[in-house]
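Down below is the structure, laid out as structure tokens.
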Amino acid sequence: MNILIAGGAGFLGSHFCDLLIEKGHTVCCVDNLITGKKGNIQHLLNNKNFKFKKVDIVKIFSIKEKFDTVINFASIASPIYYNTYKIETLLVGSYGTYNLLELARKNKAKFLFTSTSEIYGNPVISPQKETYWGNVNPIGARSMYDESKRFSEALIMNYHKVYGIDTKIVRIFNTYGPRMNIDDGRVIPQFIYQALHNKPITVFGDGKQTRSLCFVSDLISGIYKLLMSKENLPINIGSPCELTIKKIAKIIIKLTNSKSKIVYKPLPEDDPKRRKPDITKAKQILKWQPKISLEEGLLKTIEYFKELTK
Ligand code: UDP
């Protein structure tokens, strides 16, 4: 397939580019490099099946080439970053998605969108099934991210209904691994950085809030299976292994042999209390479930950050 991937220089997008190239596809990666990095795709730049263009999908852009598939990973996904780029976050999840859907419509291409567990907000049911509508604050500290993803999902489902485009929506739960930005403030890079430097580990709130962490290679293989499937409704991809943030801090201290101690900081506004995907649908339809244990995934990620901060 000839594939356009937006956000392909980001953490997840660049891993997906790797997989697409490995599977023999031709890839045109576009990214405005607001949070993505050219370093993430440097190793692909000499590949004849890969090219990179610096494009902002929020603005009207023209690419003459024909694509069979349009994939949208473009997103400002870390709470610190989307609070720094509030309007950009809203625009990439509205104009950005719209521009790519139009490209898919004109090309009669398949379309895949990377949505988020934040669709469910601060969920009142657990685990979260795809049929749950969520509990989202439309004007709160996470609204720019949550509502832009919710708007994108609505736009995509209605493009599917009106134009018959073969659309796919993956709801991604917390994912970690190499190529995360060390300074992006998310829990895994933050705790690993602090642990490697024997600095205090900053647990927000009482640390009893939960997240379920999936290693990047597992997530990417699930998304590829979705791309190749006939499914048009949203599907959760993530790990159902739910842990408290305090427990995650302790595991990272142990795996890094760190002298760091836990310190408690105020809980950010609207920080979800729990998050755990119900992946029954992914298991049944995609025959997918995560394989990498938390310890194995964390050790790989720790190695990456050790190299990076040498
Ligand atoms: N968190 C924390 N300390 C940090 C960074 C994050 O305790 O230094 C917590 C945060 O409050 C949240 C969880 O870890 O409850 C996951 O945060 P992250 O920013 O990775 O993503 P989220 O799942 O909230 O979008």
Side-chain angles (χ1 to χ4, degrees), residues 10-12 35 73 75-86 89 92-93 114-123 126-128 134-137 140-150 170-216 219 236-253 256 258 260-277 294 297-298 301-302 305:
F11 161 46
L12 298 178
T35 56
F73 272 83
S75 186
I76 304 170
S78 128
I80 286 190
Y81 287 177
Y82 61 66
N83 268 288
T84 308
Y85 298 105
K86 293 179 174 69
T89 303
V92 74
T114 51
S115 187
T116 168
S117 55
E118 281 285 318
I119 288 285
Y120 306 120
N122 186 18
S126 196
Q128 294 86 53
N135 177 33
V136 174
N137 179 350
R142 291 180 174 242
S143 59
M144 66 297 271
Y145 187 66
D146 301 6
E147 295 296 359
S148 72
K149 292 286 189 182
R150 286 167 73 95
V170 52
R171 291 188 180 150
I172 298 176
F173 282 67
N174 292 68
T175 304
Y176 68 98
R179 300 189 196 153
M180 288 188 100
N181 289 330
I182 189 92
D183 63 352
D184 89 358
R186 279 184 284 185
V187 65
I188 296 300
Q190 190 68 12
F191 285 2
I192 293 180
Y193 172 81
Q194 291 165 338
L196 289 177
H197 294 84
N198 295 309
K199 292 186 170 173
I201 307 280
T202 52
V203 168
F204 298 158
D206 58 10
K208 288 187 183 143
Q209 71 273 32
T210 66
R211 293 295 185 270
S212 308
L213 302 168
C214 185
F215 188 64
V216 61
L219 179 98
N236 291 337
I237 298 280
S239 165
C241 167
E242 184 183 21
L243 292 170
T244 65
I245 294 303
K246 195 172 165 185
K247 177 79 185 166
I248 294 168
K250 286 183 178 165
I251 294 172
I252 289 175
I253 292 173
T256 49
S258 174
S260 295
K261 297 272 175 282
I262 291 175
V263 295
Y264 293 90
K265 299 274 177 190
L267 189 69
E269 188 189 325
D270 289 346
D271 198 286
K273 289 206 170 34
R274 65 211 309 212
R275 211 185 264 150
K276 174 180 173 152
L294 182 65
L298 282 177
T301 313
I302 290 165
F305 283 124

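For reference, positions follow the sequence shown, starting with 1. Numbering of ligands and ligand atoms starts at 1, following listing order. Just the heavy atoms: all of them, side chains too, but no hydrogens, waters or symmetry mates, feed the values below.
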Legend entry - Residue pairs fulfilling salt bridge (charged side-chain N to carboxylate O under 4.0 Å, His left out) with at least one residue in residues 240-249, sequence neighbours excluded: none
Inset, instruction - Please confirm whether the backbone N or O of Ile119 pairs with a side-chain atom of Thr116, one donor and one acceptor, at under 3.5 Å? - result: no
Legend entry - Nearest heavy-atom neighbours spanning Phe173 and Gly238: CB-CA, 4.1 Å
Legend entry - Tyr193/Phe305 aromatic ring centres below 6.0 Å: no
What short N/O contacts, under 3.5 Å, does ligand 1 make with the protein, listed by atom pair and distance?
unit_1: ligand 1; atom_1: 3 (N); unit_2: Thr202; atom_2: O; d: 2.6
unit_1: ligand 1; atom_1: 7 (O); unit_2: Phe204; atom_2: N; d: 2.7
unit_1: ligand 1; atom_1: 8 (O); unit_2: Thr202; atom_2: O; d: 3.3
unit_1: ligand 1; atom_1: 8 (O); unit_2: Thr202; atom_2: OG1; d: 3.0
unit_1: ligand 1; atom_1: 11 (O); unit_2: Asp271; atom_2: OD2; d: 2.6
unit_1: ligand 1; atom_1: 15 (O); unit_2: Gln209; atom_2: NE2; d: 3.1
unit_1: ligand 1; atom_1: 15 (O); unit_2: Arg211; atom_2: NH2; d: 3.3
unit_1: ligand 1; atom_1: 15 (O); unit_2: Asp271; atom_2: OD1; d: 2.6
unit_1: ligand 1; atom_1: 15 (O); unit_2: Asp271; atom_2: OD2; d: 3.4
unit_1: ligand 1; atom_1: 20 (O); unit_2: Val187; atom_2: N; d: 2.8
unit_1: ligand 1; atom_1: 23 (O); unit_2: Asn174; atom_2: ND2; d: 2.8
unit_1: ligand 1; atom_1: 23 (O); unit_2: Arg211; atom_2: NE; d: 2.7
unit_1: ligand 1; atom_1: 23 (O); unit_2: Arg275; atom_2: NH1; d: 2.6
unit_1: ligand 1; atom_1: 24 (O); unit_2: Arg142; atom_2: NH1; d: 3.4
unit_1: ligand 1; atom_1: 24 (O); unit_2: Arg142; atom_2: NH2; d: 2.7
unit_1: ligand 1; atom_1: 24 (O); unit_2: Arg211; atom_2: NH2; d: 3.0
unit_1: ligand 1; atom_1: 25 (O); unit_2: Arg142; atom_2: NH1; d: 3.2

Inset, instruction - Can you run down the salt bridge (charged side-chain N to carboxylate O under 4.0 Å, His left out) pairs that involve residues 176-205, sequence neighbours left out, and say none if there aren't any? - result: Asp18-Arg179, Asp184-Arg186
Legend entry - Results of salt bridge (Lys or Arg N to Asp or Glu O under 4.0 Å) for Asp271 - residues two or more places apart only: Arg142, Arg211
